[in-house]
Amino acid sequence: MSHDFDLNSPENIADPYPSYARLRTEAPIYHSADPDLWIISRYDDVRAVLRDPDRFSSDVGGLESDPFNPGLEMPRWLTGLLSRISAVRVLLTSDPPDHTILRRKVSRAFTPRRMAAWEPRIREVTTRLVDDMLAADHPADLVHDLAAPLPTTVIAELLGVPTERNDDFKRWSDNLINGLLTGGPRIPMVRSAIAISWFFLRTIRRRRRDPGEDLISLLITGEGDEALSQWELITFCILLLAAGLETTTNLIANAMLAIFDRPVLRQQLCANPELAAAVVAETLRFDNPAQGLMRVTRTEVTLSDITIPAGAYVIPLIGSANRDPDRWADPDEFLLHRPNLGEHLAFGSGIHYCIGNALARIEATAALEEIARRLPDMAPAGTPTRITSPVLRGLRSQPITFTRTKIPAR
Ligand code: HEM
C-alpha cells in the first residue's frame, strides 16, 4: 500500500471506511513510520490483539506524543500523570495481575441487574430533556440538547453528585473531555481535573461517614481487598467520565445520522419504537464511537505473517473490524437483526471489555425510543460538526428541526 494512509487526514475523519477497506485488502498490518505505529484492520487480527494482554499490553503510559491528536502538547497527560502517582492503578491502562484485582473490585457496581435498575430513571431523564426541547424557543441541537446532557446527568446521578453541583460537574467533565480527547484548550482541562479530583475526594470522605445508594458508597464499602482505595476510586470516577460520556453521546448521534440517511429505517422505527434497541445494536457495529484502541507489544509478535517488534505501539481498528467482509455479510449496509451481530467489537473484547456497555445501550435506546415517539419528524437543519479525532467518531453539534406539537410522553 502506498505510504499515504493518515489516520488524522480530514478525509479520514469525515469518512474512514473507504480507507479501512483499502487497509484490509492491501496492508492489513500496516506500519506507519511517522508516527511510529502498527495499524491492525482485519476482524480476526483486531480480536486476537484485544484478547492477548500477555503480548499486547494496555500500559501505554510511556507514549511521548499522541498519534491521534498530533497537535496536542500534553494530550495523554491524565493517564501519564496518574501512572506516575505510585500505587494508583488505572483500570483501562493496566495489565494483569493489577487489572484483574481492580476489575473484580469495580465489577460488582456494574452488574446488568444494577444497570437495569437504573432504566426507569434514565427514561425519566430522557423524557425531561425532550420536554425541554419541545418547550424551548431557540433552535435545537441534537448533541447539545439531548445526546450530551443525557449521559452526563445519568453519570452524575449514579455517582450521587448533589443536584446543586450539576452545573459544575457538567462544566468540569466537558472541559476534561474536550482537552483529553478532542484537542480542546489545556488550561481549563487541567483546572477542571484538579477541581473534579478535589470534589471526588471530599465526596468520598462524606460517603464514608454517611453512605447512600450511589456507586461511590458501594465502591468504598466491602470486605478487605474488595474496597477501592481513595486514589483508586478518584481515578476510577474520572475514568468513568472519560470513557462513558462522549462515547454514549456519539452512539446516540451516530444512530441518528444513520436514521436521517435512511427514510425506510426511520419509518420502521417510528412505527415500532421498540426497534430502538436493534438500531442501537447495529449502530455499534456500523458506526461505532470508539474506532481504535491502543496497545504496546511486550515481545516480538507475528500476526498474519508480519512481525511486529517488541515495544511497538499497535492500533487495533475496531471500526474496520466491524466492517470486515470476511465477518459480515454486506458490511456497509445498515441492517437490523444480523444473526451474528453479537460478534461486533464496539465494546472491545477480552479482559478490558467495556464495563459500561449495558448502561450505554440503555441510554441510547431510551433516547431513540423517545425521539421516535415524540419527535418523529426530527431532521437535520444544518451541517453537523464532526469531532476531529480518528479514534472517537461522532459529532460536536447537529442542528435539528422538528414539529413542536407536544406529543406527550407515554
Ligand atoms: C457507546 C458507548 C461506549 C463505547 C463504544 C465504549 C467502548 C469501550 C471500549 C472499546 C473499551 C475497551 C477498551 C480497551 O480494551 O482498551 C471500553 C472500556 C471501558 N469502558 Fe466503555 N464504552 C462506552 C460506554 C461506557 C460507559 C457508559 C461507561 C461507564 C459509565 C464506560 C466505562 C468503561 C470502562 C471503565 C472501561 C475500562 C474497562 C477495563 O479496562 O477493564 N464505557 N469501553
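Count residues from 1 along the sequence. Atoms within a ligand are numbered from 1 in the order they appear, just like the ligands themselves.
- Distances from ligand 1 to the non-hydrogen atoms of T93 include no value under 4.0 Å.
- The nearest heavy-atom contact from the protein to atom 8 (C) of ligand 1 is C354 CB, 3.7 Å.
- Looking at S58 next to ligand 1, no N or O pair under 3.5 Å apart turns up.
- Aromatic pair F199/W172: ring centres closer than 6.0 Å.
- Checking Y20 against Q291 by side-chain atom types alone, a donor-acceptor pair falls below 3.5 Å.
- In this structure, L50 has no heavy atom closer than 4.0 Å to ligand 1.
- Both the backbone and the side chain of L91 come within 4.0 Å of ligand 1, judged by heavy-atom distances.
- For the pair L218/R114, a side-chain contact is recorded, criterion being any heavy-atom separation below 4.5 Å from C-beta on.
- Given atom 30 (C) of ligand 1, the protein heavy atom at minimum distance is I155 CD1, 3.6 Å.
- In R113, the CZ atom is not crowded: 12 or fewer heavy atoms of neighbouring residues, nucleotides or ligands sit closer than 6.0 Å.
- In this structure, the protein non-hydrogen atom closest to atom 3 (C) of ligand 1 is T247 CB, 3.4 Å.
- Numbered from 1 in the order shown, with element, the atoms of ligand 1 that lie under 4.0 Å from a heavy atom of R103 read 38 (C), 39 (C), 41 (O).
- Note: no N/O pair closer than 3.5 Å links T248 and ligand 1 by distance alone.
- Ligand 1 places these atoms under 4.0 Å from at least one heavy atom of G244: 25 (C), 26 (C), 27 (C), 28 (C).
- When hydrogens are left out, the protein atom nearest atom 5 (C) of ligand 1 is N288 OD1, 3.5 Å; that is the closest non-hydrogen contact.
- Residue I351 has at least one heavy-atom neighbour below 4.0 Å for each of these atoms of ligand 1: 41 (O).
- Enclosure of atom CD in E164 by more than 12 non-hydrogen atoms of other residues, nucleotides or ligands within 6.0 angstrom is indicated.
- Of the protein's heavy atoms, F347 CD2, 3.7 Å lies nearest to atom 6 (C) of ligand 1.
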**Request:** I would like to know whether S58 and T93 meet side chain to side chain donor-acceptor pair (under 3.5 Å); could you show each step before the answer?
**Result:** CA-CA 5 Å; S58 287; T93 52; over 6 Å; no

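- In this structure, atom 29 (C) of ligand 1 lies nearest to the protein heavy atom L240 CD2, 3.7 Å.
- Considering backbone and side-chain atoms together, H99 places an N or O closer than 3.5 Å to an N or O of ligand 1.
- By the criterion of a heavy-atom distance under 4.0 Å, neither the backbone nor the side chain of L245 is placed next to ligand 1.
- Looking at N288 and H344, their side chains never bring a donor and an acceptor atom within 3.5 Å of each other.
- Among all protein heavy atoms, the one lying closest to atom 34 (C) of ligand 1 is I355 CG2, 3.6 Å.
- No side-chain donor from either of T283 and N254 sits under 3.5 Å from a side-chain acceptor of the other.
- Of the protein's non-hydrogen atoms, L92 CD1, 3.7 Å is the one closest to atom 13 (C) of ligand 1.
- R338 contributes a side-chain N or O that, together with a main-chain N or O of A329, makes up a donor-acceptor pair within less than 3.5 Å.
- N357 and R361 share a donor-acceptor pair across their side chains, judged by distance under 3.5 Å alone.
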**CA sep, side-chain torsions, deciding dist, call: E232, K105, salt bridge (Lys or Arg N to Asp or Glu O under 4.0 Å)** = CA-CA 10 Å; E232 280 173 350; K105 290 182 184 190; 3.2 Å; yes

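- The A360 neighbourhood of ligand 1 comprises atoms 1 (C), 2 (C), 24 (C), with distances under 4.0 Å to a heavy atom of that residue.
- Although no hydrogens or angles enter the test, the distance criterion places a donor-acceptor pair under 3.5 Å between the side chain of R323 and the main chain of F286.
- Those atoms of ligand 1 with a heavy atom of L251 less than 4.0 angstrom away are 1 (C).
- Taking all heavy atoms of Q291, E246, M294, R295 into account, the minimum distance to atom 15 (O) of ligand 1 is reached by R295.
- Less than 4.0 angstrom separates some heavy atom of A346 from each of these atoms of ligand 1: 5 (C), 7 (C), 10 (C).
- Residue D36 places its CG atom among more than 12 non-hydrogen atoms of other residues, nucleotides or ligands, all under 6.0 Å distant.
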